[in-house]
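What follows is a single structure, written as structure tokens, with notes after it.
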Amino acid sequence: MILTMFKKAYEVAENSSVGDLIKANFAEDLKKYLAVKLEDGTMIDLFAPVSKDQVVTPVTFDDPEGRKVFFHSASHLMAMAVKKLYPNAKVAIGPAIADGFYYDFDVEPAFTMEDLAKIEKEMAHCAKKSIRPRRYLMSREDAIAYFAEKEEPYKVQLIEDLPEDEEISFYEMGDFTDLCVGPHLPNLSYIKAFKLTHVAGAYWRGDEHNKMLCRIYATAFPTKEQLQAHLDRIEEAKKRDHRKLGRELDLFDIRDEGPGFPFFYPKGMIVRNLLEDYWHQIHRKAGYEEIKTPIMLNRGLWERSGHWDHYKENMYTTKIDDTDFAIKPMNCPGGILVYQRKLWSYRDLPIRSGELGLVHRHEKSGALHGLMRVRCFTQDDAHIFMTPEQIKDEIKGVYNLINEVYTRFGFPYHVELSTRPENSIGTDEMWEMATNGLQGALDELGVPYVVNEGDGAFYGPKIDFHLTDCLGRTWQCGTIQLDMNLPERFDLTYTGADGEKHRPVMIHRVVFGSIERFIGILIEHFGGAFPTWLAPVQVKIMTITSRSDEAAHEVADMLENAGLRPELDLRNEKIGFKVREAQMMKIPYMFVLGDREAENRTVTIRNRKGENLGTVSFEEAVAMVKKLNDEKTND
């Protein structure tokens, strides 16, 4: 049998494992490999037998698949420890998640933080035993009988929902056995460091009509150093929490009177307006025309677009004159009606229409999270109508615009191509043409991307942009969706060079994603210390005594006349107190004036980092801030 690994072919005995192959050829690296990805994408245990010739890829903790295996094995380790300490606890599910894992338990009383410390200690004890997980299969009937005897009702329910002819996969770890498809680590001793972070309530299967279970959230790493770095990032994230900073910096808040509906305060509106002004600027340059569509449209439109059937549970509806209306959850149908206002020729295309459209979507209360998940938000939408021949060039243009924006804010990003989902509408031919259009554009641009199978919109495939903030967290913001279905549903046409009617192709795209969410991301990325061009207050002008007030007003007027945003602090307070307060409000620069500065028309400049940048003339000080503002750097 031939196994190809690391681009080299190895002849091995039948049913050999990749672990055996690594042990024979790369013994010194064996410990870093956690599991194996086969060429069809299937994941198997490192020491599971391979039955045929193929390309195999061992994965490490640095790989997304390897990290998932590591976290999932750690969740089994946690469940093992819980069952040892609390035999009457019933186990439910324990998946890997983005930065760790959780496991749900039916236990009375619910676990406390003191209990978590005991569980951690028992996990460490179990891990030191170097237990090797063992996989085996069982029939559906035998699996149900096994868990019924163990009095594990949640496992029984999970099995009962599986196909009747399916054999059930189990993993045995010492005296703990769990229902699981795997794969798992070769040995639990790989898990050197872990932390149970917190406890929360979770309804069984996410249904509020089911019993509330006790969910333990946790994370795990191969080394204590990696765990500590992760915990440090969590602490830093808490300091940067946009909800906390939004209140402290007087930017925005979510009130009990409107859950999911944010209030923006004056300073927050400055940030918002600056982002929108920037949006207008780059879109005018890229050849977009701005439109505005109604916030509420009738049921017939949403039925025609498909939203009434596919999205109704997320829409707010009402009746007007005995007709059903819906507040728009998306801007697309309104943009289509704008296109329909006149007859277009192929010479007119592409038509690029941009809209900062307020949309509303019903989100469950438990899903709401500051500005990151709200019930009303402004999408920076654009819809482009084009001929099939223009697809690649238009996608390239949108890509370059999104790249310009993310580069402006210093965000690295990666790209995913999401393909046809199960609940899609439209023909196979439409989907193939749309998907090939997106993929072809990315290939021509030379952009690296990963394919996210089945995660497209119901009306078309899409390109998603996942940006990375300063803490290494990823956020999905920009998207490009190619749509041949809605033009068909709405019978959109243009007159071609042959004088006949043709169907245009439609692009849906956003850059920020939503203004609100992007502001939340920026607050956390910059820790509230916005770049000078985006800061609500760019300069705090403060005096040591009232004798300098007139000079302070003069320099404030100069800053305002230059289009900048100063604020005066003429209070009878010590200058150190004023400086510290301005730093806490994360104002980029402080201009300090005493008697000497007032006499010489100079200011002593401090920045929010606490650095003294020296004493310069009014004109030089204003020019410095003006330059940073106009260049829109991230300083």
Side-chain angles (χ1 to χ4, degrees), residues 40-41 300-312 330-340 343-353 381-399 402 415-447 449-465 478-510:
D40 66 357
L301 176 73
W302 302 111
E303 287 179 333
R304 196 171 185 185
S305 70
H307 288 89
W308 196 267
D309 294 329
H310 291 268
Y311 207 73
K312 184 174 181 294
M330 299 175 184
N331 298 302
C332 330
I336 288 173
L337 296 183
V338 171
Y339 178 85
Q340 285 182 326
L343 299 176
W344 300 99
S345 162
Y346 72 96
R347 294 187 182 91
D348 300 315
L349 304 184
I351 302 294
R352 305 185 189 102
S353 299
D381 251 327
H383 299 101
I384 305 173
F385 301 90
M386 75 211 88
T387 69
E389 295 77 19
Q390 294 170 330
I391 289 176
K392 286 185 181 178
D393 285 342
E394 288 304 305
I395 292 172
K396 289 178 185 177
V398 175
Y399 176 88
I402 294 175
V415 175
E416 289 185 2
L417 172 64
S418 299
T419 59
R420 187 176 188 173
E422 291 183 3
N423 67 335
S424 63
I425 56 178
T427 66
D428 293 343
E429 292 77 16
M430 286 179 175
W431 275 89
E432 183 177 2
M433 184 180 295
T435 304
N436 289 342
L438 292 181
Q439 197 159 12
L442 289 175
D443 290 339
E444 289 188 13
L445 285 165
V447 176
Y449 61 91
V450 296
V451 177
N452 194 358
E453 295 287 354
D455 199 42
F458 70 85
Y459 49 77
K462 60 179 181 172
I463 296 171
D464 287 330
F465 292 75
T479 188
I480 307 172
Q481 301 173 354
L482 191 55
D483 186 354
M484 297 183 184
N485 290 306
L486 288 182
E488 186 76 25
R489 280 175 169 258
F490 283 87
D491 193 27
L492 302 186
T493 61
Y494 66 91
T495 303
D498 57 2
E500 300 295 322
K501 297 295 183 184
H502 296 271
R503 191 78 69 208
V505 180
M506 181 180 183
I507 283 179
H508 311 250
R509 49 112 291 204
V510 293

Verify side-chain contact (heavy atoms from CB on, under 4.5 Å) between His508 and Met330, making sure each step is shown before the conclusion. CA-CA 11 Å; His508 311 250; Met330 299 175 184; over 6 Å; no
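- Here the side chains of Ile402 and Ile480 are in contact, with some heavy-atom distance below 4.5 Å.
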Walk me through whether Asp491 and Arg304 qualify under side-chain contact (heavy atoms from CB on, under 4.5 Å). CA-CA 11 Å; Asp491 193 27; Arg304 196 171 185 185; 4.3 Å; yes
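- Here salt bridge (Lys or Arg N to Asp or Glu O under 4.0 Å) pairs that include residues 456-465, with residues two or more places apart or in two chains, are Lys462-Asp464.
- In this structure the side chain of Glu500 never reaches within 4.5 angstrom of the side chain of Thr495, judged on heavy atoms.
- Tyr339 has its ring centre less than 6.0 Å from the ring centre of Trp344.
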CA sep, side-chain torsions, deciding dist, call: Gln439, Leu417, side-chain contact (heavy atoms from CB on, under 4.5 Å): CA-CA 7 Å; Gln439 197 159 12; Leu417 172 64; 4.0 Å; yes
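- At distances below 3.5 Å, at least one donor-acceptor pair connects side-chain atoms of Gln390 with backbone N or O atoms of Leu349.
- Note on ring orientation: taking the six-membered ring where Trp is involved, the planes of His307 and Tyr311 are perpendicular (angle over 60°, cut-offs 30° and 60°).
- Contact check on Asp381 versus Arg509 returns no salt bridge, with no Lys/Arg side-chain nitrogen under 4.0 Å from an Asp/Glu carboxylate oxygen.
- Between the side chain of Glu444 and the backbone N or O of Lys396, no donor-acceptor pair lies under 3.5 Å.
- With hydrogens and angles ignored, the 3.5 Å screen pairs no side-chain donor or acceptor of Ser418 with any backbone N or O of Pro461.
- Side-chain contact between His383 and Cys332: present, with at least one pair of heavy atoms (C-beta onward) separated by less than 4.5 Å.
- Side chains of Tyr346 and Asp498 form no contact here, defined as non-hydrogen atoms less than 4.5 Å apart.
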